[in-house]
2 protein chains.
Amino acid sequence: MNSDFTLAIHSLTLLALQPDRMATSEVISESAGVHPVRIRKVLSLLKKHGFIKSKEGTGGGFIFALDLSEISLWDIYKITSEGALQPKCPDSNEHCIVGANMQKVLFGIFLGAEEHLGEYLRDYTIKEVVDLVKRK
Amino acid sequence: MNSDFTLAIHSLTLLALQPDRMATSEVISESAGVHPVRIRKVLSLLKKHGFIKSKEGTGGGFIFALDLSEISLWDIYKITSEGALQPKCPDSNEHCIVGANMQKVLFGIFLGAEEHLGEYLRDYTIKEVVDLVKRK
DNA sequence: CATATCTGTAACGTTTAATATTACAGTACA
DNA sequence: TGTACTGTAATATTAAACGTTACAGATATG
């Protein structure tokens, strides 16, 4: 699993806890333990989808754009990691019945697996993640 | 997703199609397009769990040990890739409420996700994969 | 019983993907 | 006009995946 997904969750959770003021990529990166540029890359995806807003210049940063319960982990997964479940098989032997067909069979199975995972992730919103973080 | 999982599925499917005679790691590796040593490594795991038998020396190789419908993709996943869904987050900042708690919150969520995936993978046995490969 | 053919496994090398870093243009504020 | 941000591309570094070599042990076969 790609860590862009968890970085996005981490960032959104942090933003959710300070809905009134902006957070810079540096503050977020210190919380998440990664480089600020990575945060900006991931958050630019989330911005593109309207989950957050950003502002450049002094006093700028990132801020939540929607209600906490409007964003599910599945939404975030689709943006940051869609297809990540799909294993990248090497090209197998076309002259073998198994080699020739396995790839598309597996593709179908993993497609179904991702959809199934979606059912699970849809049930978690950022609001719930925030509650879990606060409680613990 | 680790490709050991798909290699195991590939190998078992091939073995399932020739239940009467042994297949060498070289034959399997040619079908799957990887190095024979990798096949032997993956298959040694499957052997350890009793899914297949192996024989060394001339005329040796690997052969199915159970009924095709006794092995589900979930069984194989657990052997080859358990925990693969769990993203490896960097150590985050303990002085931040988000950084300090996010890791265990995410751990719990991904644990649940893997269990949920299990429900899906349990429904596919090697027999069904074989049928899909034959049909297509 | 000597040789060829396999598995089993460790050690090492190579390739590829993930991540960090640097750099700098553009924006906004004071 | 200088300072503090985002946005993004280019490059460097690190880590993971994978391939390769090597060889010991097992087993059939001539």
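Order of the sequence lines sets the chain letters (A, B, ...), proteins ahead of strands, with each chain counted from 1.
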**OP:** Say whether, by atom type as modelled, one donor and one acceptor occur between the side chain of A:His10 and the main chain of B:Val98 under 3.5 angstrom.
**Re:** no

**OP:** Grab the CG-C1' distance between A:Leu43 and D:dT8 for me, whole Å please.
**Re:** 14 Å

Subject >> Nearest-Å distance for atom pair NZ/C1', residues A:Lys88 and D:dA17 >> reply: 9 Å

Original post:
Distance from B:Arg38 atom CZ to B:His35 atom NE2, nearest 0.5 Å?
Top reply: 11.0 Å

**OP:** Would you mind classifying the nucleic acid contact of A:Lys47 as base, sugar-phosphate or nothing, using non-hydrogen atoms under 4.0 angstrom?
**Re:** sugar-phosphate

Subject >> Phosphate contact (C:dG8 OP1 or OP2) by B:Ser54 side-chain N/O below 4.0 Å >> reply: yes

**OP:** With heavy atoms under 4.0 Å as the rule, sort A:Val37 into base, sugar-phosphate or nothing.
**Re:** base

Subject >> d(CD, B:Glu56; C1', C:dT5) in whole Å >> reply: 11 Å

Subject >> Euclidean distance, atom NZ of residue B:Lys53 to atom C1' of C:dT7 [Å, nearest integer] >> reply: 16 Å

Original post:
Roughly, in whole Å, what's the span from NE2 in A:His35 to P in C:dA18?
Top reply: 19 Å

Subject >> Distance below 4.0 Å between A:Lys55 side-chain N/O and D:dA4 OP1 or OP2 >> reply: no

Subject >> Set of residues satisfying side-chain contact (heavy atoms from CB on, under 4.5 Å) with respect to B:Lys127, sequence neighbours excluded >> reply: B:Leu68, B:Ser69, B:Thr125, B:Asp131

**OP:** Please figure out whether A:Lys41 or B:Gly60 has its closest DNA chain C nucleotide nearer the 5' end.
**Re:** B:Gly60

Original post:
Distance check: side-chain N/O of B:Ser3 vs OP1/OP2 of D:dA17, anything under 4.0 Å?
Top reply: no

**OP:** For A:Gly33 and for A:Gly57, locate the closest nucleotide of DNA chain C by heavy-atom distance; then report the residue assigned to the nucleotide nearer the 5' terminus.
**Re:** A:Gly33

**OP:** Measure the distance from CG on B:Asp4 to P on D:dG19 and round it to the nearest whole Å.
**Re:** 10 Å

**OP:** Take atom CZ of B:Arg38 and atom P of C:dT15, then tell me their distance rounded to the nearest Å.
**Re:** 16 Å

Subject >> Interatomic distance, B:Asp75 atom CG to B:Glu70 atom CD [nearest 0.5 angstrom] >> reply: 10.0 Å

Original post:
When rounded to the nearest 0.5 angstrom, what distance separates CG in A:Leu121 from CZ in B:Phe110?
Top reply: 7.0 Å

Original post:
Rounded to whole angstrom units, what separation is found between the CZ atom of B:Arg40 and the P atom of C:dG8?
Top reply: 8 Å

**OP:** Would you kindly say whether B:Glu114 and B:Tyr77 are connected by a side-chain donor-acceptor distance under 3.5 Å?
**Re:** yes

Original post:
Under 4.0 Å: is that the gap between some side-chain N or O of B:Ser44 and OP1 or OP2 of C:dT7?
Top reply: no

**OP:** Specify the residues of residues 11-32 of chain B, ordered by number, for which at least one heavy atom lies under 4.0 angstrom from an atom of DNA chain C.
**Re:** B:Thr24, B:Ser25

**OP:** Using the ring pair (Phe, Tyr, Trp, His ring centres under 6.0 Å) rule, take A:Tyr120 and B:Tyr120 through it: C-alpha gap first, then chi angles, then the decisive distance, then the call.
**Re:** CA-CA 12 Å; A:Tyr120 175 84; B:Tyr120 174 84; over 10 Å; no

